[in-house]
Amino acid sequence: MIKEAIDRILELAKPNEIVCEGRLFADKVMHEIPRLKYAAPLHMNTLTAITDYIFSDTDKCSLSPGRFIIHVEDYNKVVLYQELDQDKCRERLLVSEIDNCKFPFGRWMDMETFMINTQTSFDMNGNLSELLALIGSVVSDAGITQSDDGISQNVTVKTGISLVGKKKIPNPFQLKPFRTFTEVDQPLSSFVFRLKKASDDTVNAALFAADGEAWRRSAILNISEWLHENFKDRDDVIILA
């Protein structure tokens, strides 16, 4: 009797298909068991890794037939997929992602720290040369006075014992921080440069972003253009940005 009762319970636990008005139903909640097991995606930090993966036919023997899809998710992240398979699943093959820019925008720094961070975090261009020259003249003497009309600052820097030179700070500065993949041109952004006296009579400096983060869109477009150029002869690669 116990065995018959157990068998009956097991029988009732099984899902049953029921046809009603030409439609197929099940009397139990069922979850599909995937037939394919996908490997974990590779993690890289360059765009070149994506081109190397595709052109070298990496994993060719294991991949199902289909095209590649490259999705530019953001200025610092690009993901390589394979198009949907027969089960409407899309395999993620490779993720290329870089760290965010380390420059502390919007934070006051002493001149030496500001100089080091600026030289190590920006691509060289005309405006950066002007900014570095200005910073160097300020560092050479702690004596500094300033006037501000809300648009530009007039900074007076001592250049000698009796000689005083005046420099006008052109705001905003057009600069290129290292914020996206090194294979593409860094997006040009506007920054407001400010100077002020600290409590110990030293000079502090800061850069404030002034473009409403429009650079993110520029970076994504730069990545997309780079990918289109490198895969212009490949019909099996789709680029989405």
Side-chain angles (χ1 to χ4, degrees), residues 43-52 72-79 95-144 146 148 152-153 155-159 165 167-227 230:
H43 288 271
M44 304 294 178
N45 53 22
T46 66
L47 296 177
T48 307
I50 297 176
T51 60
D52 290 345
V72 185
E73 290 192 4
D74 209 340
Y75 69 95
N76 63 342
K77 185 177 182 180
V78 179
V79 183
V95 178
S96 188
E97 188 170 13
I98 60 172
D99 295 330
N100 292 326
C101 180
K102 301 300 183 182
F103 189 90
F105 296 107
R107 195 181 80 188
W108 294 102
M109 293 170 276
D110 63 80
M111 297 305 294
E112 182 177 4
T113 302
F114 186 87
M115 174 72 83
I116 294 172
N117 283 330
T118 302
Q119 293 192 69
T120 57
S121 301
F122 288 82
D123 189 7
M124 184 62 69
N125 59 65
N127 268 188
L128 182 60
S129 298
E130 294 179 18
L131 180 59
L132 293 176
L134 177 61
I135 297 171
S137 65
V138 174
V139 173
S140 65
D141 194 326
I144 177 172
Q146 62 178 333
D148 192 346
S152 64
Q153 285 180 292
V155 181
T156 301
V157 182
K158 291 182 180 179
T159 58
K167 295 180 180 295
K168 189 171 184 178
I169 301 177
N171 273 316
F173 276 91
Q174 302 296 315
L175 303 173
K176 292 184 175 183
F178 292 117
R179 292 189 287 198
T180 188
F181 295 93
T182 56
E183 290 94 337
V184 304
D185 188 27
Q186 300 298 313
L188 189 67
S189 302
S190 298
F191 294 94
V192 175
F193 174 62
R194 310 298 286 175
L195 292 169
K196 75 173 184 178
K197 283 185 178 180
S199 58
D200 57 355
D201 290 331
T202 59
V203 182
N204 283 358
L207 277 177
F208 298 88
D211 66 350
E213 295 198 339
W215 64 269
R216 288 175 177 262
R217 180 59 181 167
S218 297
I220 291 173
L221 290 177
N222 290 345
I223 295 171
S224 177
E225 290 176 2
W226 187 91
L227 291 170
N230 280 270

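Worth knowing before you read on, the calculation uses all heavy atoms, side chains too, and leaves out hydrogens, waters and symmetry mates.
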Side chain to side chain donor-acceptor pair (under 3.5 Å) with N76: which of T180, N45, N100?
N100
Please name the pair of heavy atoms, one in [X] and one in [Y], separated by the smallest distance, quoted to 0.1 Å.
| X | Y | answer |
| --- | --- | --- |
| Y75 | R216 | CE2-NH1, 3.1 Å |
| F122 | T118 | CD1-O, 3.2 Å |
| V184 | I223 | CG1-CA, 4.0 Å |
| F193 | I135 | CZ-CG1, 4.3 Å |
| R179 | I98 | O-CD1, 4.0 Å |
| L128 | M124 | CD2-CA, 3.8 Å |

What's the spacing between [X] [atom1] and [Y] [atom2] if we round to 0.5 Å?
| X | Y | atom1 | atom2 | answer |
| --- | --- | --- | --- | --- |
| L207 | S121 | CG | OG | 10.5 Å |
| F208 | F173 | CZ | CZ | 14.0 Å |
| D185 | E225 | CG | CD | 9.5 Å |
| T120 | M115 | OG1 | CE | 11.5 Å |
| W215 | E213 | CH2 | CD | 6.5 Å |
| K77 | I220 | NZ | CD1 | 12.5 Å |

Applying side-chain contact (heavy atoms from CB on, under 4.5 Å) to L188 and not counting sequence neighbours gives Q174, K176
Identify which one of I116, N204, N117 satisfies the side chain to side chain contact (heavy atoms under 4.5 Å, CB included) criterion when paired with M109.
N117
Compare all side-chain heavy atoms of [X] with those of [Y] and state whether any distance is below 4.5 angstrom.
| X | Y | answer |
| --- | --- | --- |
| M111 | T202 | no |
| W226 | T51 | yes |
| K102 | F178 | no |

Tell me, please, which residues at least two apart from F105 pass ring-ring contact (aromatic ring centres under 6.0 Å, His included).
F103, F191
Could you walk me through whether Q186 and N222 pass side chain to side chain contact (heavy atoms under 4.5 Å, CB included), step by step?
CA-CA 8 Å; Q186 300 298 313; N222 290 345; over 6 Å; no
Under the side chain to side chain contact (heavy atoms under 4.5 Å, CB included) rule, what do T46 and E183 come out as? Steps first, then yes or no, please.
CA-CA 8 Å; T46 66; E183 290 94 337; 3.2 Å; yes
